[in-house]
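Worth knowing before you read on, the calculation uses all heavy atoms, side chains too, and leaves out hydrogens, waters and symmetry mates. If you're wondering where the values come from, they're calculated on a predicted model, not measured in any experiment. Quick note: residue numbers are just sequence positions, from 1.
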Amino acid sequence: MKKVLILSGAGISAESGIRTFRDADGLWEEYDVMEVCSVEGFERNPKLVSDSYDARRRDLRDKLPNAAHEMIARLKQRYPDQIEVLTQNVDDLFERAGCADVIHLHGTLTDLRCEECGRVYEIGYESQEGSTCPSCESDNIRHNVVMFGEEAPMYAELQRAVEECDLFVVIGSSGQVINTAWIAQWFEHSILNNLESDDMLDPFFKTLYIEKATTAAPKIEGDIEMFLGV
């Protein structure tokens, strides 16, 4: 049975209005990223970090999944045992598009994590201020997003999926956080969709769509269905 690994990055959610760190008007402009997204920054000023994640939750509340999220959700619904959906994104747009079993490599913005017992629980789009753990009632709570300087335990799932899958599809990822060019070399069949071309990334993929994720979505859907022999 053929299997497909779909890995997405910030570019797939950008068309839904979620700012990326690398956009001209993105999160780099508002915060020093190492102050709000690193272990060191969190240790220096946990309130600044929690406030920034509260702001990101508020921003996410009214965002909607786009055609690329919906395309992947359809494929996952049709071929639940043949499609692996992994994302570097911490938003919930895949879930809101109806996509099941999404693996979030860097955590989830709409959840909090208890530092005392490890419980992860949903907070939605609300502030974490005053939140206490539903299991142990501790108020030692943090965001459920992996920071620079700490391990990403779900990377083990990425390694597993790479070993199990036959087609590697990357949508909206620069390859700077996860080395997708290196991963693509392990696959005979691969697809890359990014808004802009990249000479350090493009040559490692067999099929390229240098365009918006929403316009590439029907082409990628067709490619995947053809690969699966539909």
Side-chain angles (χ1 to χ4, degrees), residues 6-73 85-100 102-115 120-132 139 141-150 152 154 171-174 176-178 193-196 212-215 217:
I6 302 175
L7 174 66
S8 66
I12 198 170
S13 292
E15 290 186 70
S16 292
I18 295 179
R19 295 177 299 164
T20 72
F21 282 116
R22 294 179 178 85
D23 288 340
D25 63 343
L27 298 175
W28 287 109
E29 303 297 316
E30 194 170 339
Y31 299 106
D32 177 342
V33 68
M34 296 310 289
E35 290 301 315
V36 297
C37 293
S38 73
V39 171
E40 294 80 9
F42 187 54
E43 289 173 349
R44 276 194 299 270
N45 193 339
K47 187 176 188 310
L48 175 66
V49 174
S50 64
D51 286 350
S52 73
Y53 280 100
D54 284 351
R56 291 180 71 181
R57 280 188 213 96
R58 286 195 302 273
D59 183 61
L60 177 59
R61 183 194 298 270
D62 64 350
K63 300 300 187 289
L64 298 173
N66 61 51
H69 296 104
E70 292 166 353
M71 175 271 290
I72 293 171
V85 181
L86 282 70
T87 185
Q88 300 173 71
N89 300 340
V90 297
D91 62 62
D92 62 348
L93 296 186
F94 275 119
E95 286 81 1
R96 284 155 70 178
C99 191
V102 180
I103 296 173
H104 287 267
L105 297 171
H106 297 146
T108 46
L109 188 58
T110 53
D111 294 322
L112 296 178
R113 188 165 84 234
C114 176
E115 294 276 62
V120 174
Y121 63 96
E122 185 174 358
I123 192 175
Y125 313 104
E126 304 302 319
S127 168
Q128 78 168 62
E129 186 174 354
S131 182
T132 57
D139 61 359
I141 303 298
R142 58 161 280 183
H143 52 287
N144 187 47
V145 175
V146 176
M147 296 182 286
F148 294 115
E150 63 183 357
M154 297 306 287
I171 302 176
S173 176
S174 66
Q176 293 184 25
V177 176
I178 293 175
N193 166 220
N194 274 330
L195 188 58
E196 298 176 354
K212 291 180 178 180
T214 51
T215 62

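- Atoms CD and OG1, from Glu122 and Thr110 in turn, are 5.5 Å apart once rounded to the nearest 0.5 Å.
- In this structure, OG1 in Thr108 is found 11.5 Å from CD1 in Ile123, a value given to the nearest 0.5 Å.
- Considering SG of Cys37 and CE of Met147, their distance stands at 9.0 Å, rounded to 0.5 Å.
- Every residue meeting the side-chain hydrogen bond (donor to acceptor under 3.5 Å, both in side chains) condition with Ser131, not counting sequence neighbours, appears here in chain and number order: Tyr121.
- Looking at Lys47 and Asn45, their side chains come closer than 4.5 Å, going by heavy atoms from C-beta outward.
- Applying the side chain to side chain contact (heavy atoms under 4.5 Å, CB included) test to Glu15 and every residue at least two apart in sequence or in another chain returns Asn66, Lys212, Ala213, Thr214.
- Listed here is the closest heavy atom pair of Val146 and Gly107: CG2-N, 4.5 Å.
- By the salt bridge (charged side-chain N to carboxylate O under 4.0 Å, His left out) test, Glu126 pairs with Arg61, sequence neighbours left out.
- With sequence neighbours excluded, the residues forming a salt bridge (charged side-chain N to carboxylate O under 4.0 Å, His left out) with Glu35 are Arg44, listed by chain and number.
- Not a single salt bridge (charged side-chain N to carboxylate O under 4.0 Å, His left out) links Asp139 to another residue, sequence neighbours left out.
- Here Glu70 pairs with nothing under the side-chain hydrogen bond (donor to acceptor under 3.5 Å, both in side chains) rule; sequence neighbours left out.
- Taking the side-chain hydrogen bond (donor to acceptor under 3.5 Å, both in side chains) definition, one finds that Glu150 meets it with Arg142, sequence neighbours left out.
- Between Ser8 and Thr87, the closest heavy-atom pair is OG-OG1, 2.8 Å.
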What verdict does the side-chain contact (heavy atoms from CB on, under 4.5 Å) test give for Asn193 and Ile12, after you've listed the backbone C-alpha separation in whole Å, the side-chain angles of each residue and the deciding distance to 0.1 Å?
CA-CA 9 Å; Asn193 166 220; Ile12 198 170; over 6 Å; no
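- By the side chain to side chain contact (heavy atoms under 4.5 Å, CB included) test, Val49 is found to be paired with Phe42, Tyr53, His143, residues two or more places apart in sequence or in another chain being considered.
- Rounding to the nearest 0.5 Å gives a distance of 11.5 Å between CG of Asp59 and OH of Tyr125.
- Between the side chain of Ser16 and the backbone N or O of Leu64 there is at least one donor-acceptor pair closer than 3.5 Å.
- Take Arg58 and apply the side chain to side chain contact (heavy atoms under 4.5 Å, CB included) test, not counting sequence neighbours, and it matches Asp54, Ala55.
- Residues Met71 and Ile171 meet the side-chain proximity criterion, which asks for heavy atoms closer than 4.5 Å.
- Asp91 meets the side chain to side chain contact (heavy atoms under 4.5 Å, CB included) test with Ser13, Ile18, Leu60, Asn89, Leu93; sequence neighbours excluded.
- Scanning for side-chain hydrogen bond (donor to acceptor under 3.5 Å, both in side chains) contacts around Ser173 gives Gln88, with sequence neighbours left out.
- Summarising the geometry of Ala97 relative to Ala73, their closest heavy-atom pair is O-CB, 3.5 Å, with the distance given to 0.1 Å.
- Checked against salt bridge (charged side-chain N to carboxylate O under 4.0 Å, His left out), Asp92 has the following partners two or more places apart in sequence or in another chain: Arg96.
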